[in-house]
Visitor: 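Okay, here's the structure, questions in a sec.
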There are 2 protein chains.
Amino acid sequence: MPFALKHSQALRLWHDVGLGIVRSGEPDLSSRQITILLTVYMEPPPHTVRGLAAKLNVTKPVITRALDTMGSLDLVSRRRDDSDRRNVVVQRTVQGSLYLERFSDLIIEKARTLP
Amino acid sequence: MPFALKHSQALRLWHDVGLGIVRSGEPDLSSRQITILLTVYMEPPPHTVRGLAAKLNVTKPVITRALDTMGSLDLVSRRRDDSDRRNVVVQRTVQGSLYLERFSDLIIEKARTLP
DNA sequence: CAGGAATAATACGCATCCGAAACGAGTATT
DNA sequence: AATACTCGTTTCGGATGCGTATTATTCCTG
């Protein structure tokens with residue numbers, strides 16, 4: 001089913017969801033961080049620093065730093081790839097799953113009540 | 001018309017839109033900043049620092065700093081309120097309007113092609 | 001096995017952001 | 001006019017992020 005949003009509805013949805021996140025006191029992630037988080041949870045693994053950097057069109061230190069931050073928030077974790085120990089594999093966490101569950105609940109609720 | 005998104009569709013939409021923004025090299029705004037921007041453009045004026053702080057449930061310096069950043073990006077501007085010169089009124093800009101136009105275009109396109 | 005390529009992390013100098021508190025300017029109260 | 005209040009900004013020390021360049025490991029190739 002295609003979702004034929006109008007401009008005002010699209011922006012209203014983003015506004016309402018953003019307001020819900022900000023007001024709730026959830027960590028103030030940037031667009032880059034949220035996109036990394038969603039990529040790890042929605043795209044098929046494995047996810048490496050290099051792969052994420054290429055996919056997002058950013059440099060590798062950007063990914064490393066975002067993983068540092070989100071790792072300290074327990075939203076993702078890192079593990080060395082045993083088959084090629086140069087690689088680091090980014091993994092999901094329970095906290096990250098719960099975070100995205102709350103996130104999608106919020107999106108769905110706001111989309112449902114869109115004028 | 002209610003938009004009955006599923007969890008996977010909600011997260012997919014956010015992922016795709018975020019990826020579009022990040023890859024395009026647009027400024028990496030935080031959730032707070034985007035929400036302030038959308039509030040200024042979608043809610044009826046006037047918008048004051050205090051009003052935005054109350055609405056977003058954050059402190060006033062957070063708003064001041066976000067306006068500094070987005071002001072330097074030409075996404076919003078500030079003007080003293082002549083009827084009460086303690087107040088600062090946050091105003092829209094041409095650049096901000098164009099930014100949100102690109103933004104809603106992106107949302108609509110990604111929503112249209114949701115699986 | 002030696003040299004080179006690939007990977008993630010770190011160093012660097014600088015900018016931005018944080019919350020809490022203090023501040024200056026403007027308005028309201030008495 | 002003097003005092004109290006309101007509003008936005010600034011300051012403070014500390015945290016986080018940036019891009020570029022460099023480093024330490026690990027793998028690959030000749």
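Sequence lines set the chain letters: A, B, ... in the order given, protein chains first and strands last, and positions in each chain run from 1. Values below: all heavy atoms of this structure, side chains included; hydrogens, waters and symmetry mates excluded.
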Visitor: Are OP1 or OP2 of D:dC5 and a side-chain N or O of B:Arg86 less than 4.0 angstrom apart?
Guide: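 Indeed not, no polar side-chain atom of B:Arg86 lies that close.
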
Visitor: Select from B:Thr69 and A:Asp68 the residue whose nearest nucleotide in DNA chain C is closer to the 5' end of that strand.
Guide: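 Taking each residue's closest nucleotide, the earlier one in sequence belongs to A:Asp68.
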
Visitor: Check the distance between D:dT22's C1' and A:Lys60's NZ and give it to me in whole angstrom.
Guide: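 Between C1' of D:dT22 and NZ of A:Lys60: 12 Å.
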
Visitor: Could you work out which one of C:dG19, C:dA9, D:dT26 sits closest to the side chain of B:Thr59?
Guide: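 Of C:dG19, C:dA9, D:dT26, C:dG19 is nearest to the side chain of B:Thr59.
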
Visitor: In whole angstrom, what separates A:Asp82's CG from C:dT7's C1'?
Guide: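 So the two atoms are 15 Å apart, to the nearest Å.
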
Visitor: More than 12 heavy atoms of other residues, nucleotides or ligands under 6.0 Å from CZ of A:Arg92: yes or no?
Guide: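 Atom CZ in A:Arg92 is packed in, count exceeds 12.
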
Visitor: If I take atom CG in residue A:Asp81 and atom P in nucleotide D:dT26, what distance separates them, rounded to the nearest angstrom?
Guide: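 Those two atoms, CG and P, are 13 Å apart.
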
Visitor: In whole angstrom, what separates A:Asp28's CG from C:dG19's C1'?
Guide: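 In whole Å, C:dG19 C1' lies 14 Å from A:Asp28 CG.
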
Visitor: Using a 4.0 Å heavy-atom cut-off across all strands, classify A:Ser30 as base, sugar-phosphate, or nothing.
Guide: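 Result for A:Ser30 = nothing.
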
Visitor: In whole angstrom, give the distance that lies between atom CZ of B:Arg79 and atom P of D:dT9.
Guide: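 After rounding, the gap between these two atoms is 14 Å.
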
Visitor: Write down the atom of B:Ala10, the atom of A:Ile108, and the distance for their closest heavy-atom approach.
Guide: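 Between these two residues, the closest heavy atoms are CB-CG1, 4.2 Å.
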
Visitor: Does the side chain of A:Gln33 get closer than 4.0 angstrom to OP1 or OP2 of D:dG17 through an N or O atom?
Guide: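 For D:dG17, OP1 or OP2 has a side-chain N or O of A:Gln33 closer than 4.0 Å.
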
Visitor: Please report the distance, rounded to the nearest Å, between CG in B:Leu56 and P in C:dC18.
Guide: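 Roughly 11 Å, once rounded to whole Å.
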
Visitor: Closest to the A:Pro61 side chain: D:dA21, D:dT26, D:dG8?
Guide: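 Selected nucleotide: D:dA21.
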
Visitor: Let me know the distance between CD1 of A:Ile36 and P of D:dT16, rounded to the nearest Å.
Guide: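 That distance rounds to 16 Å.
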
Visitor: Round to the nearest Å and state the distance from B:Leu29 atom CG to C:dT16 atom P.
Guide: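 Distance, rounded to whole Å: 13 Å.
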
Visitor: Name the residue closer to the 5' end of DNA chain D, choosing between B:Thr64 and A:Arg65 according to the nucleotide with the nearest heavy atom.
Guide: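 With B:Thr64 and A:Arg65 compared, the 5'-side residue is B:Thr64.
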
Visitor: If you pin B:Arg80 and A:Val62 to their nearest nucleotides in DNA chain D, which one's is more 5'?
Guide: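 Its nucleotide being nearer the 5' end, the pick is B:Arg80.
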
Visitor: For D:dT25, does either OP1 or OP2 sit under 4.0 Å from a side-chain N or O belonging to A:Arg85?
Guide: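 Checking A:Arg85 against D:dT25: no side-chain N or O falls below 4.0 Å of OP1 or OP2.
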
Visitor: Is the ring pair A:Trp14/B:Trp14 parallel, tilted or perpendicular, if the boundaries are 30 and 60 degrees?
Guide: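 Ring orientation of A:Trp14 relative to B:Trp14: parallel.
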
Visitor: Could you tell me whether A:Arg78 and A:Asp68 make a salt bridge, using a distance below 4.0 angstrom between a side-chain N and a carboxylate O?
Guide: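 Salt bridge between A:Arg78 and A:Asp68, a charged N being under 4.0 Å from a carboxylate O: yes.
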
Visitor: Any salt bridge linking B:Arg85 with B:Asp81? Criterion: basic side-chain nitrogen under 4.0 Å from a carboxylate oxygen.
Guide: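 No salt bridge links B:Arg85 with B:Asp81.
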
